[in-house]
Every structure is written in C-alpha cells, then in structure tokens.
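Here is the structure we will look at, set down as structure tokens.
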Amino acid sequence: MPTPARYRGRFAPSPTGPLHFGSLVAALGSWLIARRDGGDWLLRIENIDPPREIPGAAQQQIETLKACGLHSDEPILWQSTRSDAYAATLDRLLRDGTAFECRCSRSDLAADAGVHRGCVHADAMRQPAIRLRVGDERIGFDDSIQGRFEQSAREQIGDFVLRRADGLWAYQLAVVVDDAAQGITQIVRGADLLDSTPRQILLQRALGLSTPAYAHLPLAVDADGRKLAKSSAALPIDAADPLPALHAAYAFLGQDAAAIAGARTADALLRRALDAFDPIRIERVLQRIAVP
Ligand code: GLU
C-alpha cells in the first residue's frame, strides 16, 4: 500500500448511466480541491453491481470526463478487477470475528427499519450475506464542508453488509479497500454519501487503516428536491460541447463564474477555474437546486 506524501483525491462513479450534471459537480469539485493542493486526482470505475450497470456507460463517462479536461493521473482502477483484494479483506474480518454470516432477509429486519442488531433468522437453506459487527460507540468525523457529523453505530447504522447474499460485493467494502489501496488522502463526493461515511470509518478502524479527510459537496437536486440523477432534468453532459455544463458546475460550487467567462476550451476553463477557486465559497448545505 502506498504511503502518499501528498494529497491524493479521486472521483469514483458507478457506471449506471451517462455522466450527468450531479456527477460532473462531484468530478469537478474533487479535481479542483485536489489540484489546489498540488495533488493527484484519480478515476475509479465502481462497477461491482452488474445488474445496475448500463452497458457502455463507463466508457461514455470516461470520454465525457476527457472532453471536460478531467484526466486521471494514473491508470483507471476498475472495481470489477478487484475481487481478490475484497475476498482477502473479508476473510481477514471473518477470521478475527469482526464479520459474520447473516441469513436475515430484508423483511426479517423491516420491524427495525432495516437496522441489524443481531440475527433474527437462521434459515440454513438461505445463502448468507456477510456483515460487519458494530459496537455501541458514536462514530463521527469533521467534514471540511458540512462540519461535524456523528451517528450512533448501534442505533443508526447496525451491523452492515460487506458481501450481499447474492455474492456481490457491497459498496462499503469495495470503497474502503480501494481508497486505501490507492492511497487516497481526501474524499470529495456528493452529500448523499455523508451517512455512508461513518460505516466506512468503522471499517477502516476494523482493518487498521487510516481515515482520509472528507468533504461532502451539496447534492444537485431539482426544484422538487429529487436527486438530479433521478429526475428528467438530468440530461447527460454533451461531450461535444462540455463548456456550458462546466460553467454551470463551477457556479453550482459557489465559485465566481466571471473568472472563467470567455474560456474557449475545457483546459483553459479549468486553468482559470483553478486560479480563482476558493473552497470556502462552497455552500454548507446538503442539497442545492441546480438550474437544468
Ligand atoms: N460510486 C459511488 C456513486 O457513484 C460513489 C462512491 C464514492 O465517491 O465514495 O455514487
């Protein structure tokens, strides 16, 4: 595992569709924050959920990011190639008793709003999921945009899934293993993942990994408060003409749009955007309405 001497950030889309405005905000925000500190910016394709994957979407996302001038500093990491690393991590957690087999179904846990605090089902015929056992502690962190965020591990999180009963790897396991393997020092992403972060910190601690710094950007929503990715206003970014979307994403991040006015190429726009970038201007809100 590399021990990075400098800032390393990343953008980690799931290939569930073309790059839309909400994901461009996360890509641009993570790139600006990494570059401002002279750091690396890596791209990782989180393709561990084949049923949700749209064929061709990953390639399309990569091409659109390129058109936007956002290039990974290292070869792209594809999570579909990482099963051995996830399996080794899971084995370790099973051996030391931090992870355990669970045969509870969603409906078994419905009475507890899906929070697992102990198995309530033992049907040996059912394929088990693997969960991380959590204790009684409060788990919190200081987000550089959103401030302090805390959850009670037992009440709000419960024992959470690392490998699903259908054999697929859970996002929480894959993201922690790969952020560590890639030496990521700061994670910048949408605020929809704020409440995944305590789970990821619990897992980092169980594995003896260091915890990166976190910055959760306002989530782009439409006027009805729906995540832009899910709304009809979520048009894909036009790779043939990415400048309007880059302008809108920069403004969405609270930045001075005048500083990038007149840039004729994505590279020129990014250079100016970086010169004028001030992370303090990013609004400390969980959601912000995006003008489609
Ligand atoms: N792959 C996740 C998503 O597209 C993001 C993962 C992350 O940034 O931690 O929602």
Side-chain angles (χ1 to χ4, degrees), residues 7-34 39-54 57-62 64-65 70 72 76-82 85-86 89 141 143-146 149 157 160-162 164 168-204 207 209-221 226-231 234 236-237 249 253 282 286-287:
Y7 187 110
R8 280 163 74 84
R10 49 56 158 194
F11 174 56
S14 304
T16 50
L19 200 76
H20 52 77
F21 183 73
S23 36
L24 180 64
V25 166
L28 180 64
S30 61
W31 184 89
L32 286 166
I33 293 177
D40 298 322
W41 184 79
L42 311 181
L43 181 58
R44 180 168 76 226
I45 301 294
E46 301 211 320
N47 57 342
I48 45 167
D49 194 348
R52 288 190 59 227
E53 188 169 342
I54 305 285
Q59 212 48 49
Q60 199 181 354
Q61 290 174 333
I62 295 166
T64 306
L65 289 167
L70 300 168
S72 182
I76 296 169
L77 187 66
W78 296 75
Q79 287 195 323
S80 54
T81 66
R82 299 278 298 151
Y86 307 148
T89 304
F141 65 101
D143 188 275
S144 68
I145 297 171
Q146 306 295 343
F149 184 80
I157 300 175
F160 60 92
V161 173
L162 303 175
R164 293 164 23 177
L168 294 181
W169 301 109
Y171 156 68
Q172 309 294 359
L173 176 75
V175 77
V176 165
V177 170
D178 287 341
D179 281 330
Q182 294 191 286
I184 301 301
T185 60
Q186 179 146 16
I187 292 174
V188 179
R189 58 188 177 193
D192 53 330
L193 292 168
L194 192 62
D195 75 352
S196 277
T197 304
R199 288 173 175 74
Q200 292 169 23
I201 295 173
L202 284 167
L203 196 43
Q204 288 153 2
L207 292 167
L209 300 168
S210 55
T211 291
Y214 288 94
H216 286 86
L217 302 167
L219 191 67
V221 293
R226 289 176 304 177
K227 186 176 168 180
L228 214 54
K230 298 201 172 71
S231 101
I237 307 299
L253 290 168
I282 300 174
L286 293 178
Q287 298 196 337

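Note that ligands are numbered from 1 as they come in the structure, with each ligand's atoms numbered from 1 the same way.
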Open item on the list: Students often mix this up, so state it plainly: with edges at 30° and 60°, are the rings of Tyr86 and Trp169 parallel, tilted or perpendicular?
Closed with: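 Ring orientation, 0 to 90° scale: perpendicular.
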
Identify the closest protein heavy atom to [atom]: which residue and atom is it, and at what distance?
| atom | result |
| --- | --- |
| atom 7 (C) of ligand 1 | Arg10 NH1, 3.2 Å |
| atom 3 (C) of ligand 1 | Ser14 OG, 3.6 Å |
| atom 5 (C) of ligand 1 | Ala12 O, 3.3 Å |
| atom 6 (C) of ligand 1 | Glu46 OE1, 3.2 Å |

Open item on the list: Donor-acceptor check, side chain of Gln61 to backbone of Gly17, threshold 3.5 angstrom: yes or no?
Closed with: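 At least one qualifying donor-acceptor pair exists.
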
- [ ] Keeping the roles fixed (side chain from Arg82, backbone from Trp78), state whether a donor-acceptor pair exists under 3.5 Å.
- [x]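 Not a single qualifying donor-acceptor pair exists.
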
In Å and rounded to the nearest 0.5 Å, what is the [atom1] to [atom2] distance from [X] to [Y]?
| X | Y | atom1 | atom2 | value |
| --- | --- | --- | --- | --- |
| Thr81 | Ile76 | OG1 | CD1 | 11.5 Å |
| Gln59 | Thr64 | CD | OG1 | 10.0 Å |
| Asp179 | Leu209 | CG | CG | 10.0 Å |

Could you tell me which atoms of ligand 1, counted from 1 in the order shown, lie closer than 4.0 angstrom to a heavy atom of [X]?
| X | result |
| --- | --- |
| Arg189 | 7 (C), 8 (O), 9 (O) |
| Val175 | 9 (O) |
| Tyr171 | 6 (C), 7 (C), 9 (O) |

Open item on the list: Can you check which of Thr16, Leu193, Ile184 brings a heavy atom nearest to atom 10 (O) of ligand 1?
Closed with: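 It is Leu193 whose heavy atom sits nearest to atom 10 (O) of ligand 1.
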
Task: Any side-chain donor near an acceptor of the partner, Gln182 and Arg10, under 3.5 Å - done: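 Side chains of Gln182 and Arg10: no pair found under 3.5 Å.
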
Task: Within reach of ligand 1, part of Phe11 (heavy-atom separation under 4.0 Å) - done: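 Phe11 to ligand 1: no contact under 4.0 Å from either part.
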
